[in-house]
Structures are given as C-alpha cells and as structure tokens.
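The figures that follow rest on heavy atoms only: side chains count, while hydrogens, waters and symmetry mates do not.
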Amino acid sequence: MIGVNRCGRSLMAKIAIIFSIPLIFEIAVISISINLLGSLERERVERQKLADVVFCASRLISLIMSEALSKLQSIDRGQEVRTEALDRHPESFHDSWLACLAAARRAKLDATEIESQFLAFRKSFTAISTPPSGSFTLSDIEKRSSASIAFTGLMDVIERTITGRLAEMKDKEVLEARLQERMKLVILIALVASVALSILLSYIIGKVTVARLDIIEENVKRFSQEKELLPRLTGHDEISSVDTNFRIMAATLTDLAKRDRAYLDNATDVICALDEELRFDRLSASSATLWGRKPEELVKKELVDLIAPDHLVSSLEQFERARTTGAHVVFENMTVDVAGNSIPCLWSVTWSAEDSIYICVVRDTTERKEAESLRQELMTMVSHDLRTPLTTAQLALEVMLSGLEERREAFFDDDLAKLVEIDSSIGYVIGLINDLLDLLKLKEGKLEFEPVLTSVTNLRSIVEEYLQDRKIDCQLRLDCPGQPLVLIDRDFIPRIVYSIVRHAQIAYRGRPTEIAIDHHEGTGSINLRVEPSDFVDDGAKVGSDIYSETTKRISREISLELSESVAHEIEGDFEISWDPSGYPLYCLRFPCVQFQ
C-alpha cells in the first residue's frame, strides 16, 4: 500500500500514466482496425466464393445448352448416334458440373436440388438420344417432353441459384461498402481523437510540470530580487519536493544574508567592494564610523577622494598588483575622513576576476599605532631607565661581594647571604627585562636569528658556560648517543635556556634544577628538558617559596612566552608537562639536521 501511495505521488508515475493514455488509445484503434479489416477480408472471401458459384453455374448452363442443341440437331437429321458417343457427350461438361458443385460446397450452399435436377436431365437426355425411324411416336414425344421438362427444371434451378447468389453478392458488396465507410470513420475519429488527446495531454503535462516549473523559476527570480515568493506548490511529487527544498534553501540563505548583513553592519572594520575604476560598489555601515560617511554617500564615489595625497601613488600600485598577480595584498596608507583628519588604515585587498571587483577590508590602525608608540616608549624606558641603573647596581654589588669574600670573617653569614640574595634578585629582574625587550622585538619582527650548525656536545658546552657565567647552579646531563647536529643561534638559544631555568627555579621553590639533552627517535628531534633534580642538598631550603604570585605570573607570561615564540621561529617546539609530584617539566625541541 505504501508503494502504491508513493507511486501515485511520484511525478514520474503521473507522467507515465499520462503517456500511457495515448498508447492505450492507439492499441484500441489498432484493435478495432484489425477487426474491421478482418471483417472486410471475410466478406471479400465470401463474395469471391459466391462469384465462383455464379461463374461455374453460368458456364455449366452454356455447356449444357450447347451439348443439348448439338445432340438434338443430330437426332433430327436422322443420324445414328452410338451409345458410347451419347454417354461421352454428357461427360464433356461433367468437369464443369463438378467445378460448380465444388464451388457451391465451398460457399456452403445446399446443392441437393441442383444435383437431382442435373441427374434427371441427364437421364431424360440419354433417353431421347435414339434417332426416330421416320415418324415420331407418342413415346418419342413423351421422352422429348420429359427431357424438355428436365432441362427447363435444371435451367430454373441454376437460374434461381445464380439469381440468389447475385443477390447475396450485392448484399456482400453493400456490407463491404459499409465496413469500408466504418473503417474510414474509425480512422477519422482516431485522427480527431489523437489531435484532441495530444492537446489534452499537452495541457495536462503543462499543468503538472511546465506550469509548476515556471512557478519555481519565478520564485528563483523573486529570490534573486529579494521579493516575496509565490504560494507553496501543493502535492507530494518531485516538483513539490523541489519547491519545498528551494524554500528551505531560500530561508537558510536569507537567514545567512541577514546574519552577514548584521556582521557587516556591526563590524568595526570597513568591508567594501570596488569596481575596476576603483569606485565604491558596496560598503558596510562601519564606513560612517571610520570616515564619517554613510555607505549610500560613498557608492559610485572614487577611492582617490579618501586617500591622502602622499599615499595615493603607492596605494594605486598596490591595487594594480592585486589585479595583475591575483595575490592577496596587504598594505598601509593614510586616509582622510569627512572632516579632513588623517586616519591610518590597514588594507587587505583581493581581486575577483569573475566579478571584476576588488574585495577590501579596511581597518583603522590608529589605536595600534598609538600602542606601538607606547610600546616603543616602554622599551626605551625599560632599556634606559630600568635596565641601565639595575645593571650598574648589580656591578657595584658584585664588586662589593668580591671584596667581602676576602674579609668574610668581618661579616656575619646572614648579612652576606642577604647581599647574595639581593644580587640574585637584581639579576632576575635584569633577565626579565631582557626577556621583555626580546619578546617585544620578536612581536615586531625586529629580532633576527643567525642559525649555525653545531653538535649536541657543543650545544651542551655553550649552555653550561652561559649558565655558569650567571651563577646558575644547574646540573647538565647528555643522554644522546653519537654526535647529531642541530641548527641554533649560539647567542640567543643559551639565553632562552637561561630564561626557562630561571622560571623553573621559581616553580621548584628552591629545589635543584637539572637539564637533560637527549635524542627523540620518534620525532627525530633533540630534546632539551628542564626538570627538578632527584638530588637534594641538605642545606637547601626545599619547599620555601620566596617569590610572590605576581612574580610567577610575570615570569610565566614573559619568559615562557618568549621561549615558545623562539622555538617556533627555529621550527622547533616548546612543551610543558607535570610530574606526579606536581612540578612542571619543560621541554625545548630542536630539529635534528640529517645529511643525505
């Protein structure tokens, strides 16, 4: 039942039913035509049979009359006719008689009367075949009268047979004429019905398919023009399904368009499209915020009216480069708002060859420029106003500590320890300032690396020497067989390791730090791991936490971010994990160099 319902609702099923109607009609017309042609053929055969009977009967009459006259003339002349000749004369038309009898049987006629009359005629005709002796006797007259009656009877029967068959033949001809007229009528009716059926089917197909498809096409045009769609199509066929899916798609696209329009209207950046002549075609609402001009005020206006004269030539060159190369072009220039104020902007331009338009995203970089200026001032202040005095104080303190080491007995150990702690703190602050300055330079793209090819053993020596110069107590362990090679910056990588160790010492709260260098076979990289040492000095204050949370946060956001950024610059990686005791484990990976 479900299959029947689905078939009834299917457009293909409807079309199949529509096209089966003319097929059924043609089959019916052909069947009627075949039936009429069969009737005509049967009537023609029957008429031919009757014609054969008439022909054979006429021929038989002609032969009988000819033979009878011939014999009678011979007898009247007194010629003697032998019995064999008399018997042979009737046999001369015997074949015609048999042909007439066979034709009558084929025509399914009753030939009994004709046959009996023929036999009687033959018998009486044989009786009068003896010539008279000189005069006719009463017996001769009776025989001739009997022969004449038999001949007359035979002629009458044959005549009636011929007349009846002729009448039947005329009826057959009339019936054939009627059948032919009926055949012509059927063909005419079939022709008219075929034309009418074709017109009706065309109307039905147009109603079922073409008209409904026209509605869908009209809806497509209305949708492209953002007009209201026509009413929904009824039914459950494929076209109705297409209409339903189109409406769902249209609703979805409308929602997306509204969402995109909302994004454009609420976007801080100006999103616009320019034609080949650099005239505005479409803009987002944020143009009023950036340049003080609404989108409708800028449509069809030239871009050159918004660009500062000093940046016009370079900006036009960037647009031309985007069009000729097809590349995504990013550049900065100065634009002018409605009040004549200069506004720095960052342009992101893409040329669409298919639509022949420039798709642009314009961002106001005023705040970024101000932030860069403040950052430059901060770098200057940190570099000169903080790092220089601290470096001077650290040098003075180191000179003092070196002098006090010679007269250690004059000072208490606690006072000396405090001076060492102050020196360490100053060194930590200076290192943090250096990390901050390097991080700012790296963000601006001003930090350049000079990678050199070195062995893992040499890497260990460089790191160890750098840490010893800065009085960092740290164990180094090399667990790398062979002498694999790595690309590093000999001046910068040791500083990164120093930053990681310095932050690790804060996280480990006085616990000794260990550096392990090994080779990871799975990734083919050299791992430099910073982790807490299993060896604990009895005199160390393990578990003490002399650094505040603010210090830890600053160290994490500066030193660790710098380490991660540098690792990515050298195509390496930086990861942080934790051991079961909750201590962080730091891993700096270097790509291993292999020669083919």
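Using a cutoff of 4.0 Å between basic side-chain nitrogens and carboxylate oxygens, Glu218 and Arg222 are scored as salt-bridged. Classification of Arg247 and Asp243 as a salt-bridged pair holds, one side-chain N sitting under 4.0 Å from a carboxylate O.
In this structure the side chain of Val362 reaches within 4.5 angstrom of the side chain of Leu290, judged on heavy atoms. Residues Phe590 and Asn527 fail the side-chain proximity criterion, which asks for heavy atoms closer than 4.5 Å. Contact check for Leu283 versus Val299: side-chain heavy atoms found under the 4.5 Å cut-off. A heavy-atom distance below 4.5 Å is not found between the side chains of Ile488 and Pro451. Here the side chains of Tyr583 and Trp578 are not in contact, with every heavy-atom distance at 4.5 Å or above. Side chains of Val501 and Tyr508 form no contact here, defined as non-hydrogen atoms less than 4.5 Å apart. Contact of the Leu528 side chain with the Cys587 side chain is not registered, since no non-hydrogen atoms from C-beta on lie closer than 4.5 Å. Side chains of Cys272 and Cys360 form a contact here, defined as non-hydrogen atoms less than 4.5 Å apart.
Asp489 places no side-chain N or O within 3.5 Å of a backbone atom of Ile493 that could act as its donor or acceptor partner. Between the side chain of Ser565 and the backbone N or O of Leu562, no donor-acceptor pair lies under 3.5 Å. The main-chain N or O of Ala250 is found under 3.5 Å from a side-chain atom of Thr254 such that the two form a donor-acceptor pair. Counting only distance, with no hydrogens or angles, the side chain of Thr335 and the backbone of Ile343 share a donor-acceptor pair below 3.5 Å. Looking at Thr325, its side chain does come within 3.5 Å of a backbone N or O of Ala327 through a donor-acceptor pair. Judged purely by atom type and a 3.5 angstrom limit, Asp337 has no side-chain atom pairing as donor or acceptor with the backbone of Gly292. Side chain of Thr350 to backbone of His328: no donor-acceptor contact under 3.5 angstrom is found.
The structure places OG of Ser356 at 11.0 Å from CD of Glu277, a figure rounded to the nearest 0.5 Å. Atoms CG and CE, from Asn341 and Met334 in turn, are 10.0 Å apart once rounded to the nearest 0.5 Å. Atom CD1 of residue Ile215 and atom CG of residue Leu229 lie 12.0 Å apart, to the nearest 0.5 angstrom. Of the inter-residue distances, the one linking Leu487 atom CG with Ile526 atom CD1 reads 12.0 Å to the nearest 0.5 angstrom. A distance of 6.5 Å separates CG of Leu478 from CZ of Arg460, quoted to the nearest 0.5 Å. The CG atom of Asn219 sits 10.0 Å away from atom CZ of Arg232, with the distance rounded to the nearest 0.5 Å.
Thr513 and Ala504 get closest at one heavy-atom pair: CG2-CB, 4.5 Å. For Ala285 against Pro295, the heavy-atom pair with the smallest separation is CA-CG, 3.8 Å. The nearest pair of heavy atoms linking Pro532 to Asp579 is CG-OD2, 4.0 Å. In terms of heavy-atom proximity, Ala507 sits nearest to Pro584 at CB-CG, 3.7 Å. The heavy-atom pair separating Ser342 from Pro344 by the smallest distance is O-CD, 4.1 Å.
Every residue two or more places apart in sequence or in another chain that forms a salt bridge (charged side-chain N to carboxylate O under 4.0 Å, His left out) with Asp518 is listed here: Arg529. Annotation: side-chain hydrogen bond (donor to acceptor under 3.5 Å, both in side chains) contacts of Trp347 (sequence neighbours excluded): Asn333. Remark: Thr457 engages Gln483 in a side-chain hydrogen bond (donor to acceptor under 3.5 Å, both in side chains) (not counting sequence neighbours). The side-chain contact (heavy atoms from CB on, under 4.5 Å) search around Ile462 returns Asn458, Arg490, Pro494, not counting sequence neighbours. Judged as a side-chain contact (heavy atoms from CB on, under 4.5 Å), and not counting sequence neighbours, the contacts of Leu312 are Val304, Ile307, Leu316. Remark: Asp355 engages Ser352, Ile357 in a side-chain contact (heavy atoms from CB on, under 4.5 Å) (not counting sequence neighbours). Checked against side-chain hydrogen bond (donor to acceptor under 3.5 Å, both in side chains), Glu561 has the following partners two or more places apart in sequence or in another chain: Lys443. Scored by the salt bridge (charged side-chain N to carboxylate O under 4.0 Å, His left out) test, Asp214 finds no partners at all (sequence neighbours excluded). Scanning for side-chain hydrogen bond (donor to acceptor under 3.5 Å, both in side chains) contacts around Asp573 gives an empty result, with sequence neighbours left out. For Thr324, the side-chain contact (heavy atoms from CB on, under 4.5 Å) test picks out Glu320, with sequence neighbours left out.
Remark: Arg495 fails to qualify as a cation-pi partner of Tyr498 under the 6.0 Å distance and 45° angle criteria applied to the six-membered ring. Because its NZ or CZ atom is not both nearer than 6.0 Å to the ring centre of Phe319 and within 45° of the ring axis, Arg323 does not count as a cation-pi partner of that residue.
Within 6.0 Å of atom CD in Glu575, more than 12 heavy atoms from other residues, nucleotides or ligands are found, so the atom counts as buried in its surroundings.
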Using the side-chain contact (heavy atoms from CB on, under 4.5 Å) rule, take Ile216 and Leu233 through it: C-alpha gap first, then chi angles, then the decisive distance, then the call.
CA-CA 9 Å; Ile216 295 179; Leu233 294 177; 4.2 Å; yes
Show, in sequence, the C-alpha distance, side-chain angles and deciding distance for Trp291 and Thr289, and conclude whether the side-chain contact (heavy atoms from CB on, under 4.5 Å) test is met.
CA-CA 6 Å; Trp291 295 310; Thr289 304; over 6 Å; no
Kindly determine whether Trp351 and Glu276 satisfy side-chain contact (heavy atoms from CB on, under 4.5 Å), including the steps that lead there.
CA-CA 9 Å; Trp351 168 254; Glu276 291 181 295; 3.5 Å; yes
So Phe331 and Leu346, side-chain contact (heavy atoms from CB on, under 4.5 Å) or not? Walk me through it.
CA-CA 6 Å; Phe331 63 94; Leu346 176 67; over 6 Å; no
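A side chain to side chain contact (heavy atoms under 4.5 Å, CB included) with Ile515 is found for one member of Ile472, Ile500, Val497 and no other, namely Val497.
Evaluation of the side-chain hydrogen bond (donor to acceptor under 3.5 Å, both in side chains) test over residues 357-369, restricted to residues two or more places apart or in two chains, returns Asp269-Arg363, Glu332-Arg368, Glu332-Lys369, Asp364-Thr366, Arg368-Glu372. Sorted by first then second residue, the salt bridge (Lys or Arg N to Asp or Glu O under 4.0 Å) pairs that include residues 278-305, not counting sequence neighbours, are Asp275-Arg279.
Using cut-offs of 30° and 60° on the angle between ring planes, the pair Tyr586 and His503 is perpendicular.
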